[in-house]
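What follows is a set of notes on a single structure, which appears directly below.
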Amino acid sequence: MLDPQLLRSDIESVARRLATRPFTLDTGAFQAIEQERKQVQGRTQELQAARNQFAKRIGQAKAKGEDVSALMAKAGRGNEELATLEKRLESIQTGLQDFLLGVPNVPHESVPVGASPADNVEVRRAGTPRRFDAPARDHVDIGAAIGMLEFDTAVKISGARFALMKGPLARLHRAIAQFMLDVHTAEHGYTEVYVPYLVNAASMRGTGQLPKFEADLFAVPREAGEGNAAEKLYLIPTAEVPVTNIVREEIVPLERLPLKFVCHSPCFRSEAGSYGKDTRGMIRQHQFDKVELVQICHPQRSYEALEQLTGHAETILKRLELPYRVVTLCTGDMGFSAAKTYDLEVWLPGQSAYREISSCSNFETFQARRMQARFRNEKGKPELVHTLNGSGLAVGRTLVAVMENYQRSDGGVDVPPALRPYMGGVEFIAPAR
RNA sequence: GGAGAGAUGGCCGAGCGGUCUAAGGCGCACGCCUGGAAAGCGUGUAUACGUGAAUAGCGUAUCGCGGGUUCGAAUCCCGCUCUCUCCGCCA
């Protein structure tokens, strides 16, 4: 959510910057709501002040034993108008809130302006894609060759866009997650957290998934009890949601910043909009694991933190010796809540392309304002924190990258040296006989 | 699933229709005192919104959340959520 003060004071420049996403800010609608709000709020407060005065005077008179019937007759006079205005004010404020919840974040000045992924700007590359004598196979073929990756079984059990892994491949998947957690906790100073995978609507609103992107989520209805409409829960699309919401409605002491959390969790995405894309393999699934990095930090240090966090995610790719590049997302390709995003794209020989494996973003106060997540600043006053997060990394896609980059001519897969300690020393996965 | 208790400021805790502008304590900040400190004493100590040049005043809202009664609600009534205790069930 954007700062309402900013919209009141300088809506045109906000609109101009949002237009680069592209998003059309309805400045007229905002100003109309604001104007009415001011008027109604002013009058409401006037009537409330009058009511309070009367109540006070009646109390004082009664205490002295005076007759209060005349006062009481006068006191109730404005109440009907007040009740109407209070209702009106409430609905105006709800309307204003709804309006603000639907406005995306303003891109940072350093974000390149552009319309599509083609306008993203490459920042750096690391590693060199390996040469193959024969055409490189993709992970689906490799998985079939080793006999450990089954899509048809997953379809039978659940449906499209699920995968089932077996044996050493399942272990490799687990090894990847363990490896990432160990690096981030031991070397990068993150605190490991275990969190709920089902969260309430307030948490989804806090990080920006709701109200706009309900269709992308899996919702779990709950039976209503007597007279209560039980709140439904949502499966998390990323650990970002529960982890960032740790600080919702909290005031963090200055000296505890930055908070750095790492969390391994499954992620569930309905992905309604992306059907037809990446239908082959496990690139785009309804369920996947991810190791997520989250930082809650001081507003003055958030861009520094974004660089560091991105570097932490890169470390994993370097240790796994996977070629990748870093791109700055352009205004048109950034997510709703982000002010700036770096994507890490890993080289996939099966596709001869760099594909997203991590997305690292600074949300500035966008999520913090929705969550009322604050810290006590140098002056002792509560101030909104900046929130950041990034995948460190997507486990399923990392497995895909390992399979494709470490494929052997005999149909098997080498285990990257960094993962061997997590595989009981196993150095390669042999093809099925 | 059943029975009961509770939710008040940064924390503890009183208040159970009107001077609540929320007692008292703890903590914190500043001042006095002191060679320095402790103790003691004094003063201050929430958030949001509106109106202001203002981090000044003034106004409004907020005692878990929502609704109701009333001229007036932390206080009374109804609903909900959460926490705790006991029983049952369960990993």
Side-chain angles (χ1 to χ4, degrees), chain A residues 1-10 30-31 33-101 194 196-206 222-234 242 245-257 299 365 368-385:
Chain A
M1 199 164 89
L2 300 180
D3 184 0
Q5 300 288 8
L6 189 66
L7 290 181
R8 284 180 205 129
S9 60
D10 197 9
F30 177 80
Q31 280 159 340
I33 299 172
E34 266 296 287
Q35 199 189 336
E36 194 187 0
R37 194 206 95 240
K38 274 188 192 177
Q39 191 198 325
V40 173
Q41 186 169 341
R43 180 66 184 148
T44 303
Q45 292 188 353
E46 236 171 69
L47 289 172
Q48 284 171 332
R51 180 197 61 192
N52 292 347
Q53 277 306 313
F54 271 115
K56 196 171 185 175
R57 274 202 272 160
I58 290 170
Q60 285 167 343
K62 255 191 164 172
K64 289 185 213 152
E66 294 170 6
D67 176 42
V68 293
S69 53
L71 270 175
M72 282 184 44
K74 268 171 136 181
R77 218 177 268 169
N79 278 7
E80 207 166 302
E81 187 191 355
L82 181 58
T84 312
L85 282 175
E86 280 178 337
K87 282 216 174 69
R88 181 77 198 122
L89 183 60
E90 199 188 320
S91 89
I92 292 168
Q93 272 162 343
T94 314
L96 192 61
Q97 189 75 359
D98 290 348
F99 178 90
L100 291 170
L101 285 174
Y194 173 85
Y197 301 151
L198 287 162
V199 302
N200 55 31
S203 294
M204 287 294 186
R205 214 175 297 119
R222 281 204 288 181
E223 217 165 296
E226 283 177 46
N228 69 315
E231 208 189 346
K232 66 178 158 187
L233 293 174
Y234 297 87
N245 273 279
I246 287 172
V247 292
R248 173 153 54 89
E249 291 153 51
E250 298 288 334
I251 299 175
V252 182
L254 179 65
E255 62 274 15
R256 285 191 52 212
L257 294 180
T365 57
R369 186 168 291 106
R370 289 169 164 246
M371 292 191 297
Q372 281 305 295
R374 295 171 293 176
F375 72 105
R376 209 164 279 285
N377 69 17
E378 291 78 356
K379 289 177 185 160
K381 292 289 169 199
E383 184 180 334
L384 294 170
V385 295

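Every chain is numbered from 1, with letters handed out A, B, ... down the list of sequences.
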Report the distance from atom CD of Q93(A) to atom P of rU60(B), rounded to the nearest whole Å.
->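 After rounding, the gap between these two atoms is 16 Å.
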Q97(A) CD to rA48(B) P: how many Å, rounded?
->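 Distance, rounded to whole Å: 15 Å.
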Is there any protein nitrogen or oxygen under 3.5 Å from a nitrogen or oxygen in nucleotides 63-70 of chain B, and what are the pairs?
none

Output yes when R37(A) and E34(A) qualify as a salt bridge under the 4.0 Å nitrogen-oxygen rule, no when they do not.
->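 Looking at R37(A) and E34(A), the cut-off is met.
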Are any of [X]'s side-chain N or O atoms less than 4.0 Å away from OP1 or OP2 of [N]?
{"X": "N52(A)", "N": "rA61(B)", "answer": "yes"}
{"X": "N79(A)", "N": "rC71(B)", "answer": "no"}
{"X": "R51(A)", "N": "rG59(B)", "answer": "no"}
{"X": "R37(A)", "N": "rG50(B)", "answer": "yes"}

The contact string for nucleotides 53-58 of chain B, one letter per nucleotide 5' to 3', using protein heavy atoms under 4.0 Å with B, S and - for base, sugar-phosphate only and none, comes out as ------
Considering residues at least two apart in sequence or located in another chain, which fulfil the ring pair (Phe, Tyr, Trp, His ring centres under 6.0 Å) criterion with F54(A)?
-> none
For [X], report the nucleic acid contact type (base, sugar-phosphate, nothing); a contact means any heavy atom under 4.0 Å.
{"X": "R57(A)", "answer": "nothing"}
{"X": "Q372(A)", "answer": "nothing"}
{"X": "R43(A)", "answer": "nothing"}

Other residues, nucleotides, ligands: >12 heavy atoms within 6.0 Å of E80(A) CD =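 Not buried by this count: 12 neighbours or fewer within 6.0 Å.
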Expressed in whole Å, how much space separates the [atom1] atoms belonging to [N] and [M]?
{"N": "rG52(B)", "M": "rA38(B)", "atom1": "P", "answer": "46 Å"}
{"N": "rU55(B)", "M": "rU19(B)", "atom1": "P", "answer": "30 Å"}
{"N": "rG44(B)", "M": "rU51(B)", "atom1": "C1'", "answer": "26 Å"}
{"N": "rG24(B)", "M": "rU45(B)", "atom1": "C1'", "answer": "16 Å"}
{"N": "rG72(B)", "M": "rA14(B)", "atom1": "C1'", "answer": "23 Å"}
{"N": "rA73(B)", "M": "rG25(B)", "atom1": "P", "answer": "30 Å"}
{"N": "rA53(B)", "M": "rU47(B)", "atom1": "C1'", "answer": "23 Å"}
{"N": "rU75(B)", "M": "rU83(B)", "atom1": "C1'", "answer": "22 Å"}

Write down the protein N/O and nucleotide N/O pairs, taken from nucleotides 17-23 of chain B, whose separation is under 3.5 Å; answer none if there are no such pairs.
residue, atom, partner, partner atom, Å
rG18(B), O6, K62(A), NZ, 2.6
rG18(B), N2, A55(A), O, 3.1
rU21(B), O4, K56(A), NZ, 3.4

Quick one: salt bridge (charged side-chain N to carboxylate O under 4.0 Å, His left out) partners of R57(A), sequence neighbours excluded?
->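 With sequence neighbours excluded, R57(A) shows a salt bridge (charged side-chain N to carboxylate O under 4.0 Å, His left out) to no residue whatsoever.
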Looking just at side-chain N and O atoms, do R8(A) and Q5(A) make a donor-acceptor pair shorter than 3.5 Å?
->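 Result is yes, a qualifying pair exists.
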Between atom CE of M1(A) and atom CD of Q97(A), what is the distance when rounded to the nearest 0.5 Å?
-> 4.5 Å
At what distance, to the nearest 0.5 angstrom, does CG of N79(A) lie from CD of Q48(A)?
->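 The CG atom of N79(A) sits 10.5 Å away from the CD atom of Q48(A).
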Given the rule that a pair is Watson-Crick or G-U wobble with both distances under 3.5 Å, how would you write RNA chain B in dot-bracket, using | for pairs to a different strand?
-> ((((((((.[[[..)..(.....]]]((((((.......))))))((((((.....)))))).[[[[[..)....]]]]])))))))....
Quickly, which of E86(A), E81(A), E36(A) forms a salt bridge (Lys or Arg N to Asp or Glu O under 4.0 Å) with R43(A)? Name it, please.
->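 It is E81(A), the one option of E86(A), E81(A), E36(A) that forms the salt bridge (Lys or Arg N to Asp or Glu O under 4.0 Å) with R43(A).
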Between the base of rG59(B) and the side chain of Q45(A), is there a donor-acceptor distance below 3.5 Å?
->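 Indeed there is one.
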Between R374(A) and E34(A), just flag the one whose closest nucleotide in RNA chain B comes earlier from the 5' side.
->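 Going by which nucleotide is closer to the 5' end, it is R374(A).
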Select from Q53(A) and R8(A) the residue whose nearest nucleotide in RNA chain B is closer to the 5' end of that strand.
->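 Its nearest nucleotide being more 5', the pick is R8(A).
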For residues P299(A) and E383(A), report the shortest heavy-atom separation together with the two atoms involved.
->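 Minimum heavy-atom separation between P299(A) and E383(A): CG-OE2, 3.6 Å.
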What form does the base of rG52(B) take, syn (within 90° of 0) or anti?
->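 That one's syn.
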